[in-house]
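Structure first, then comments.
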Number of protein chains: 2
Amino acid sequence: MKKTTMKDIAKAANVSVATVSYVLNNVSNQTIPDDTKCRIIETANKLNYIPDLAARSLVKQKTGLIGILVNRTENEGFWRRHSNLELIDQLENYFTNKGYHVVLSSLDATNPNINIIAERKLDGVFLIDVKNEQFHRISNQFKAGVPLIVIDSFIDDPLFYKVVYDYEDAITKAVKIHSQDCHFVIEAFNNQETIEKIKVFSGVADNSIHVMEHEQGLVRFLNQHPNKSVIVINELIGAIVSKYVNPSQLVVICTANCPAILPVQTTRIDFGELKSSAAFHLMMQLLSGQRDIPHDKYIRVKAE
Amino acid sequence: MKKTTMKDIAKAANVSVATVSYVLNNVSNQTIPDDTKCRIIETANKLNYIPDLAARSLVKQKTGLIGILVNRTENEGFWRRHSNLELIDQLENYFTNKGYHVVLSSLDATNPNINIIAERKLDGVFLIDVKNEQFHRISNQFKAGVPLIVIDSFIDDPLFYKVVYDYEDAITKAVKIHSQDCHFVIEAFNNQETIEKIKVFSGVADNSIHVMEHEQGLVRFLNQHPNKSVIVINELIGAIVSKYVNPSQLVVICTANCPAILPVQTTRIDFGELKSSAAFHLMMQLLSGQRDIPHDKYIRVKAE
DNA sequence: GTGAAAGCGCTAACAA
DNA sequence: TTGTTAGCGCTTTCAC
């Protein structure tokens, strides 16, 4: 039971492969009588023809593949994983709906290998949570032309678009809720600059901010500052914090698309799907080569 | 700045493309002197050569692509999404480490289109949470030869391997913990047979089992049966249940790889990464055409 | 209206 | 030891 190719159809329908191609792709500048057209389409269906996209890409120089490349480190907490995975899931949905296929690949954050972009001739690429120092190497190695959007990373390169949460805005809103001074628990991004930014925006001393690595470390931090209100980024971390902190003392900036995991008394500031949506629309613009693309290379997504 | 091809290397190194191919692929039955070898490798590096995997697949008839196809319905809860995404993430890691590339695609559960398998010539396919009635159509449309593993689905077709949790075992363990009679909260799988199996294994009446659709429905169910101990499948649902039920009255069968989300007093039965691991190893066996593959088409994964 | 043929980048059998 | 060449399945120009 071999795969049927255009050649098979051509033979069966008594036409040339060229004609088959014309019909099956609805080529506009060719005028083909309805009966040949029908005959070809019928035999194609009968033979269960499905085009080989790799062969097509080879000549078209477009693969219809979108890459999502995620930097990962050993022993990531599930909170990190899940917020990344939510993003991936949303992006995948958008692109699948547009007829693209999505290639997912994790990168070693300390030694990312982005050959996949060239090997698979990806039409567009998302790069998630890159270390600034690694990005230098990446952008060097990177032959321009392929639309590349960097997510969750503050990097020095002015060449590429960067989609990030507007943490400044979110934190400002969060701080307003409890007028007293707060403590912060945030995610351990690979992109150190993101952490630094958040620290600056928080406006509190370094020892009032905990970068979440594991539950024990968190508990130690919370014990050092009892009875304080806490602002948490990522509701999965929030859920863990709520085991140890009075939920009503908690404000959570939701980045993992599951605010319902939190206790009812906890205040939420929700980003929902805004980041993936922004990244998707930007990518579609880049793919279509539009020229009305944003001037600012940083797209800052505001909470709802 | 065009992509370099083997032709470019051949020209630059004064050899034929064949020789370049031999050297770059370490073809064993060809004996090439070290200096030509070096010359070729050097120019390849200098020109920043990266092979085009699509072109290679075309002739090799192997793409190095693994498909993960996930059935999805509108408005899935995040608990469903996240347990699927954990699985996907783990599979992706395994295969990326083996040098495969992973294509992720969501399917409309009520009308799954699996053309992607043929279009992209996937070397192997995982199909997650399929409806039994849809599988008929899928397997018809499916030209044999491609290793296909079905996950989280009880389906009638004896042809394909099916990796599922051993819910019977897990539930037996869970029930033992609270000797009193329990109530159950379980996930709303697309595969109705999975739900039915779980109901049978639970050994309780239908109205003691709640299939989680949304939080309000859950709350209604829990209010109908106050002060009972509850067995939950999926720790993210467990975390939601723990808002309304005394955590020590709770036993959670963990399928989403984040048991730490649960209150400390809650009992856990954890599947960890055993499902993805089993699925991965099975796929590797199928890919290598080994003949010592399991006889039983159902792989039942037991909790740790 | 239709088809022959070149070629996308690569591999592998066969010559030389 | 190296090169020539025929494809893999498809698109597309150009001739008929």
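Protein chains get the first letters and strands the later ones, always in sequence-line order, with residue 1 at the start of each.
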Hey, what do you get for [atom1] ([X]) to [atom2] ([Y]), rounding to the nearest 0.5 Å?
X	Y	atom1	atom2	value
B:Thr19	B:Met6	OG1	CE	10.5 Å
A:Asn71	A:Lys131	CG	NZ	8.5 Å
A:Asn111	A:Asn113	CG	CG	7.5 Å
A:Glu119	B:His101	CD	NE2	5.0 Å
B:Asn97	A:Ser106	CG	OG	7.0 Å
A:Asp35	A:Arg39	CG	CZ	6.5 Å

Query raised in the report: So, are A:Asp129 and A:Arg80 salt-bridged, with charged N and O less than 4.0 Å apart?
Result: yes
4.5 Å side-chain heavy-atom contact, [X] and [Y]:
X	Y	value
B:Asn25	B:Arg56	yes
A:Asp156	A:Glu193	no
B:Thr36	B:Val23	no
B:Lys121	B:Lys62	no
A:Asp152	A:Asn191	no

Query raised in the report: ring-ring contact (aromatic ring centres under 6.0 Å, His included) with B:Phe160: which residues, sequence neighbours excluded?
Result: B:Phe135, B:Phe142
Could you state the [atom1]-[atom2] distance from [X] to [N], rounded to the nearest angstrom?
X	N	atom1	atom2	result
A:Gln61	C:dG7	CD	C1'	11 Å
A:Arg120	C:dC10	CZ	P	13 Å
B:Leu58	C:dC8	CG	C1'	9 Å
B:Lys7	C:dG9	NZ	C1'	9 Å
B:Ile9	C:dG9	CD1	P	12 Å
A:Met6	C:dA5	CE	P	19 Å

Requested in this report: For B:Lys60 and for B:Tyr22, locate the closest nucleotide of DNA chain D by heavy-atom distance; then report the residue assigned to the nucleotide nearer the 5' terminus.
Outcome: B:Tyr22
Report task. Take the C1' atoms of the five end pairs on each side of the helix from C:dG1-D:dC16 to C:dA16-D:dT1, derive the two axes, and give their angle rounded to 10 degrees. Result -> 50°
Report task. Go through the steps for A:Glu92 and A:Thr96 under the test side-chain hydrogen bond (donor to acceptor under 3.5 Å, both in side chains), then give the verdict. Result -> CA-CA 6 Å; A:Glu92 184 274 320; A:Thr96 296; 2.4 Å; yes
Query raised in the report: Which word best sums up how the rings of A:Phe95 and A:Phe280 line up, parallel for under 30°, tilted for 30 to 60°, or perpendicular for over 60°?
Result: perpendicular
Tell me which residues in [range] put a heavy atom below 4.0 Å from DNA chain C, sorted by number, or none.
range	value
residues 31-39 of chain B	none
residues 23-30 of chain A	A:Gln30
residues 10-21 of chain B	B:Ala18, B:Ser21

Report task. Identify the 5'-most and 3'-most nucleotides of DNA chain D with at least one atom closer than 4.0 Å to a non-hydrogen atom of chain B. Result -> D:dT1 to D:dG9
Report task. Decide if atom CD of A:Gln61 counts as having more than 12 heavy atoms of other residues, nucleotides or ligands within a radius under 6.0 Å. Result -> yes
